There are 2 protein chains.
Amino acid sequence: MPSPHCLPDSTEDLCQPTIKQSTSNIVDGIDLEDIREFARTFKVRRLVLGLTQTQVGQALCATEGPAYSQSAICRFEKLDITPRSALKIRPVLENWLREAEEKHQQGNLQQIAGMDFINISAIGKIRKRRTFFSPEALVVLNSRFEQSSHPSGREINSIAQEIGYERDVVRVWFCNKRQSLKHCQSFQRSRINLKSSDSTEEDRNSSSPTQP
Amino acid sequence: MPSPHCLPDSTEDLCQPTIKQSTSNIVDGIDLEDIREFARTFKVRRLVLGLTQTQVGQALCATEGPAYSQSAICRFEKLDITPRSALKIRPVLENWLREAEEKHQQGNLQQIAGMDFINISAIGKIRKRRTFFSPEALVVLNSRFEQSSHPSGREINSIAQEIGYERDVVRVWFCNKRQSLKHCQSFQRSRINLKSSDSTEEDRNSSSPTQP
DNA sequence: ATGCATGAGGT
DNA sequence: ACCTCATGCAT
DNA sequence: ATGCATGAGGT
DNA sequence: ACCTCATGCAT
């Protein structure tokens, strides 16, 4: 398990970079380059089979082992996941792909993708409807986040009241915001690149937005 | 040429839908299904060659015929273009692909992608730096756009002043906003779908955002 | 492809 | 009662 | 992949 | 002087 609590309010630092953003080739004894190559060929072979990410996800539901959603497959192909996650998903996709290609060799063109599901939901708890924040609310949320990424309970109450959304929805927004920021380490990395020799253009066009 | 001026301020209507969003199979005598299939196999074969969209774009620069940027290739593969555009790009990609695969059959693995360009810019006019609008400015712009998608010269002046950006940058924002909206026709199309029979849940969770 | 929601596991 | 992390649903 | 910029062609 | 449309650059 990695160390906990490594976001000390400065918008810097990172815990679990995604593979895509990692520059090194081996992390925690995991060969990232190997995973990168598999992700690439997986995508090619999936497309050759003529299948969408959604279809693969449905097909996985029909197998014995663990299943993954379209979202997970999308993130795997983009390498938008931590090495640890990739290590879990990879064998599942690998095994499924092998079997799918075998069936394809024979003529079972129909049997590869899972049947179109008759969405058997309506079982168990109903999931809360997704909240959409208005642009105005997002302005407030983001500016509050810049002030403090870990607002206290009282602060959350006040923010929720200000923008007119449920308290818990605001709390979760901060959780998700923190989580997504962790995957954004590559922010401002290679800056000293080769450019035009003079700095004239650099000065001429200040990118400061407020200048009425 | 299609009819001009078909955005009568109601956020409805559409002139040039993209192929992706078109539901019919033939438009203006162009076989969309045919283009869809080519786009799919183009992507597969590009990936089999191990090339990125960027590399294809660079390779096209090295050929005689017309060249296209990575952006154009991306939009073609996603079918995020009008049928008319697709008809222009398609033969270019088709010819390039054939030649690339021939070279690949022989062993010229290196010669397929264009050489890494030593970006010979700094010739001719310098392009204006891209403007980034702050979330606050976007809130204003979008609300003004809802009021009127074709603000007069005076109105543009006043908006520019209000948000503190150059007048022309604001004008162009409205142009681009109108343009991108045209490609968004599929907004609210299939609404009468099969759902849970009762309407209880429909009422319980009003999606109106402001409810403090 | 991505933003909000869930749930397991932890303090 | 909060958090993180992996992951999914619905867009 | 996508938002702002450019330029051709048009009123 | 405005517009649309196709397209590119830089993110």
Side-chain angles (χ1 to χ4, degrees), chain A residues 1-7 15-16 53-54 57 66-78 80-82 84-86 88-89 119 121 124-133 138 149-153 156 165-166 168-180 182-183 207, chain B residues 1-7 15-16 53-54 57 66-78 80-82 84-86 88-89 119 121 124-133 138 149-153 156 165-166 168-180 182-183 207:
Chain A
M1 294 281 158
S3 62
H5 217 83
C6 46
L7 243 190
C15 301
Q16 314 275 13
Q53 293 171 341
T54 305
Y68 284 96
S69 70
Q70 176 268 334
S71 307
I73 294 161
C74 174
R75 285 166 182 151
F76 181 85
E77 289 187 354
K78 288 205 309 168
D80 218 359
I81 44 174
T82 61
R84 234 183 94 83
S85 291
K88 261 180 68 187
I89 304 187
N119 207 345
S121 58
K125 285 177 56 180
I126 47 173
R127 189 187 174 94
K128 185 179 186 311
R129 280 257 232 286
R130 169 174 175 172
T131 301
F132 286 90
F133 293 99
L138 284 171
S149 59
H150 283 84
S152 68
I156 292 177
Y165 286 79
E166 280 174 35
D168 204 55
V169 155
V170 171
R171 189 183 60 75
V172 168
W173 185 89
F174 275 88
C175 288
N176 281 322
K177 180 79 176 178
R178 285 193 293 267
Q179 182 166 11
S180 75
K182 292 215 180 165
H183 302 321
S207 57
Chain B
M1 295 280 157
S3 61
H5 216 84
C6 46
L7 243 190
C15 300
Q16 313 275 17
Q53 294 171 340
T54 305
Y68 284 97
S69 70
Q70 176 267 334
S71 307
I73 294 161
C74 174
R75 284 164 182 152
F76 182 84
E77 289 188 354
K78 289 205 307 169
D80 218 358
I81 44 175
T82 61
R84 233 184 94 82
S85 292
K88 262 180 68 187
I89 305 187
N119 208 345
S121 58
K125 285 177 55 180
I126 47 173
R127 189 187 173 93
K128 185 179 187 310
R129 280 257 232 288
R130 170 175 175 172
T131 301
F132 286 89
F133 292 99
L138 285 171
S149 59
H150 283 85
S152 70
I156 292 177
Y165 286 79
E166 281 174 36
D168 203 54
V169 155
V170 172
R171 188 184 59 76
V172 168
W173 185 89
F174 275 88
C175 288
N176 281 322
K177 180 80 176 178
R178 285 192 294 266
Q179 182 166 11
S180 75
K182 291 212 179 167
H183 302 320
S207 56

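In what follows, every chain begins at residue 1, and chains take the letters A, B, ... in the order their sequences are listed. Since the structure is predicted, the reported quantities are computational estimates derived from the model, not experimental observations.
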Please give the nucleotide sitting opposite F/dA10 as a Watson-Crick or G-U wobble pair, both distances under 3.5 Å, or none.
E/dT2

Does the side chain of B/Y68 get closer than 4.0 angstrom to OP1 or OP2 of F/dT7 through an N or O atom?
yes

Could you give the distance separating E/dA5 and C/dA1 at their C1' atoms, to the nearest angstrom?
25 Å

Note, B/L138 side chain near B/W173 side chain (heavy atom, < 4.5 Å)
yes

With a 3.5 Å cut-off and heavy atoms only, can you find an N or O donor on one side and an acceptor on the other between the side chain of B/E77 and the base of E/dA1?
no

From C-beta outward on A/C74, which listed nucleotide comes closest to its side chain: E/dC4, C/dA1, F/dG8?
C/dA1

Could you pick out which residue, A/K88 or A/R130, lies toward the 5' side of DNA chain D when each is mapped onto its nearest nucleotide?
A/K88

In whole Å, what is the span from the CZ atom of A/F76 to the P atom of D/dG8?
13 Å

Roughly, in whole Å, what's the span from CG in A/D80 to P in E/dA1?
13 Å

Among F/dC3, F/dG8, D/dA6, which nucleotide sits nearest the side chain of B/R127?
F/dG8

What's the closest nucleotide to the B/I89 side chain, out of F/dT7, D/dA6, E/dA5?
F/dT7

In whole angstroms, how far is the C1' atom of E/dT2 from the CG atom of B/L138?
14 Å

Which nucleotide in the list D/dC3, F/dC3, F/dC9 gets nearest to the side chain of A/H150?
D/dC3

Side chain proximity check, A/C175 to A/R178, heavy atoms < 4.5 angstrom
yes

Quick one: OG1 on B/T54 to CD on B/Q70, what's the gap to the nearest 0.5 Å?
4.5 Å

Below 4.0 Å: OP1/OP2 of C/dT2 and any side-chain N or O of A/K78
yes

A/F132 CZ to D/dT11 P: how many Å, rounded?
7 Å

Minimum-distance pair of heavy atoms, taken over all atoms of B/F174 and B/S149
CD2-O, 3.8 Å

For F/dC3 and B/R171 - does any side-chain N or O of the residue sit under 4.0 Å from the phosphate oxygens OP1/OP2?
yes

For A/S71, report the nucleic acid contact type (base, sugar-phosphate, nothing); a contact means any heavy atom under 4.0 Å.
base

Specify the separation, in whole Å, of atom CD of A/Q179 and atom P of D/dA6.
8 Å

Let me know the distance between CD of A/Q53 and C1' of C/dA1, rounded to the nearest Å.
9 Å

B/K177 atom NZ is separated from E/dT2 atom P, nearest whole Å, by 14 Å

Between C/dA1, E/dT2, D/dG8, which nucleotide has the shortest distance from any of its atoms to the side chain of B/Q70?
E/dT2

Counter-base of E/dG9, judged by Watson-Crick or G-U geometry with both distances under 3.5 Å
F/dC3

Starting at atom CG of B/D168, determine the distance to atom C1' of E/dG7, rounded to an integer number of angstrom.
13 Å

Would you indicate which nucleotide in C/dT6, F/dC3, F/dA6 comes nearest to any side-chain atom of B/T82?
F/dA6

Below 4.5 Å, heavy atoms only, C-beta onward: do A/T131 and A/K128 meet side chain to side chain?
yes

Is A/A86 touching bases, backbone alone, or none of the nucleic acid, heavy atoms closer than 4.0 Å?
nothing

Does OP1 or OP2 of D/dT7 have a side-chain N or O of A/S85 closer than 4.0 Å?
yes

What are the two closest heavy atoms between A/I73 and A/Y68, and how far apart are they?
CD1-O, 4.3 Å

What is the ring orientation for A/Y165 with A/F133, classed by angle as parallel under 30°, tilted 30 to 60°, or perpendicular over 60°?
tilted

Taking only the side-chain nitrogens and oxygens of A/T131, find out if one of them lies under 4.0 Å from OP1 or OP2 of C/dG3.
no

For B/R75, report the nucleic acid contact type (base, sugar-phosphate, nothing); a contact means any heavy atom under 4.0 Å.
base

